[in-house]
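As structure tokens, the structure follows; a few thoughts come after it.
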There are 2 protein chains.
Amino acid sequence: MRLLFSKVFTENINKIQNELPTIFMKSQLQKINEFINNLGREEYSILEKISTTKTYKKGEVLLHQNETCRFTYSVEKGILRKFYLNDGKEITTEFLFEDDIAVSFDSYVLQKPSREFIQAITDSTVSQLDYHSFQEAKSLHSELVKLDLLITEYYAMWLENRLLEFHTLNATQRYLHLLSNQPEIIQQIPLSYIASYLGISLETLSRIRAKI
Amino acid sequence: MRLLFSKVFTENINKIQNELPTIFMKSQLQKINEFINNLGREEYSILEKISTTKTYKKGEVLLHQNETCRFTYSVEKGILRKFYLNDGKEITTEFLFEDDIAVSFDSYVLQKPSREFIQAITDSTVSQLDYHSFQEAKSLHSELVKLDLLITEYYAMWLENRLLEFHTLNATQRYLHLLSNQPEIIQQIPLSYIASYLGISLETLSRIRAKI
DNA sequence: ATGATTATTTGACCTAAGTCAAATTTCCTG
DNA sequence: CAGGAAATTTGACTTAGGTCAAATAATCAT
């Protein structure tokens, strides 16, 4: 999920590749960016007040399974991932880079125990936004509800695209798609995480890479 | 996606099965339901004013591919489906029953041409809500933004669960899962639609059914 | 009802991707 | 920089699910 308030938003937008659905979603990022830039001084400072910056070491877990997700974690530096356990095996669901937001969505929204873990893949700095403080801020400043909506819409579109990929692409195509859309993932992240993210086995992914 | 304003919401909630993620999502439906019940008279009547009721014959297409999705279609009666074309084959992405909302999400949000079709599977009555009128209503009544957020959150959680199913269940398990969660789908809808919805071939689905 | 479409099932065969195991290669850490 | 652990690759084999084709079964319009 995309970042709440980012200093380098415009730059980030340009990193995104020219794939069709991605082009469309770019316009949503732009909307979010503009919205943040036009936020009132008051709203902006409230967000800053209820956010805290923390650092995590490589491998450290920000949110455990069964724990209720109290924060949205906005990545300032480093890489996070979300994953859950299936038959004891880790299934990675998302990688979060600078300016992305990590959140166990259903746990956060419903304030129920999380299925997912959130973990730092590298040493990371994140800005954490507390659920209850944000709820209160939203009740006082309706602009923040709009912002929340824009970001949630973005996440839903991201999920729709993920689903589309699973529905229409085979293992090789999914890998190539990832390679062209988020090359930074392939470079910086262990194959085992990438394999489960793509829904294929580690060995198959290795063979796909060998062929290309 | 769930319905915007429903008369029989409570009833609908009870139809939902007792699966773990589904239990959680029930609470979101409840939130939506309560929110609608507590909407001011004014907001409620605005929604009614900008909605129009229409009927569609079985097979009729409400939204074509490449057309921009101008409405959310809230099902009052009948069944709709969403699908897109991949290699000339129809891939069904969602079935919509009474009190569900059909919308080509990214097309609606970004007001860009739709990848998906929306079609009536049976003769149907829907209440259509115009994008621009709703945007205007939201700008005047911030309560409607909150409602939009709740519904979008619900849709995102639904998508997350779909993705989880593709990630963790095999063909048989996905079918059984559907059978226990939405038996009405299996009863009323052609197998070919169900097969593509589950991401399996028609023949395989038929064999799975034969075994059970 | 009856013939014609359309939907579903069944059969034979094929292939993408998984599994298990071992060999390398890479990466840490003392 | 050596030794061990972790990550990745390669090999041999298996299997879930796909494809193509034909046979039934169900549905619909006249």
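Labels below follow one simple rule: chain letters A, B, ... track the order of the sequence lines, proteins then strands, and each chain is numbered from 1. As a basis for the values below, the full set of heavy atoms in this structure was taken, side chains included, without hydrogen atoms, waters or symmetry mates.
- Residues B:Phe95 and B:Tyr197 place their aromatic rings such that the two centres sit under 6.0 Å apart.
- Here D:dG17 presents its P atom at 12 Å from CG of B:Leu198, a figure rounded to the nearest Å.
- The phosphate of C:dA17 has neither OP1 nor OP2 within less than 4.0 Å of any side-chain N or O from A:Ser201.
- Aromatic pair B:Phe166/A:Phe166: ring centres not closer than 6.0 Å.
- The shortest heavy-atom contact between B:Leu110 and A:Ser27 is CD2-OG, 3.4 Å.
- Protein atom CG of A:Asp123 is 15 Å distant from nucleotide atom C1' of C:dC28, rounded to whole Å.
- Look at NZ on B:Lys211: it is 14 Å from C1' on C:dT9, rounded to the nearest Å.
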Please tabulate the protein-to-nucleotide N/O contacts below 3.5 Å involving nucleotides 25-28 of chain D, giving atom names and distances.
none

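- If you check C:dA17, D:dT19, C:dT10 against the side chain of B:Lys89, the one that comes closest is D:dT19.
- As rounded to whole Å, 14 Å separates atom C1' of D:dA21 from atom CG of B:Leu202.
- Following rounding to the nearest Å, A:Arg174 (CZ) and C:dA16 (C1') show an atom-to-atom distance of 11 Å.
- Distances shorter than 4.0 Å separate some side-chain N or O of B:Ser206 from OP1 or OP2 on C:dT9.
- Under 4.0 angstrom from either OP1 or OP2 of D:dA7 there lies no side-chain N or O belonging to A:Ser192.
- Proximity of B:Arg209 to the phosphate of C:dT9: a side-chain N or O atom is located under 4.0 Å from OP1 or OP2.
- A:Leu205 places its CG atom 14 Å from the P atom of D:dA7, with the value rounded to the nearest Å.
- In terms of polar N and O atoms assigned as donor or acceptor, the side chain of A:Arg207 comes within less than 3.5 Å of the base of D:dG11 in a complementary pairing.
- For B:Glu203, counting side-chain heavy atoms from C-beta on, the closest listed nucleotide (D:dT8, D:dG17, D:dC20) is D:dC20.
- Because its NZ or CZ atom is both nearer than 6.0 Å to the ring centre of B:Tyr193 and within 45° of the ring axis, B:Arg81 counts as a cation-pi partner of that residue.
- Side-chain contact annotation: B:Arg115 with A:Asn161, donor-acceptor N/O pair under 3.5 Å present.
- Taking atom CG of residue B:Asn170 and atom C1' of nucleotide D:dT15, one finds them 12 Å apart after rounding to whole Å.
- Counting to the nearest Å, the P atom of C:dC27 and the CD atom of A:Gln188 are 14 Å from each other.
- Ring-centre distance between B:Phe117 and B:Tyr84: not below the 6.0 Å cut-off.
- Nearest nucleotide to the B:Leu191 side chain, out of C:dT10, C:dT8, D:dG17: C:dT8.
- For A:Tyr108 and A:Tyr131, the distance between ring centers is under 6.0 angstrom.
- Using a 4.0 Å heavy-atom criterion, one finds that B:Ile200 contacts the sugar-phosphate atoms exclusively.
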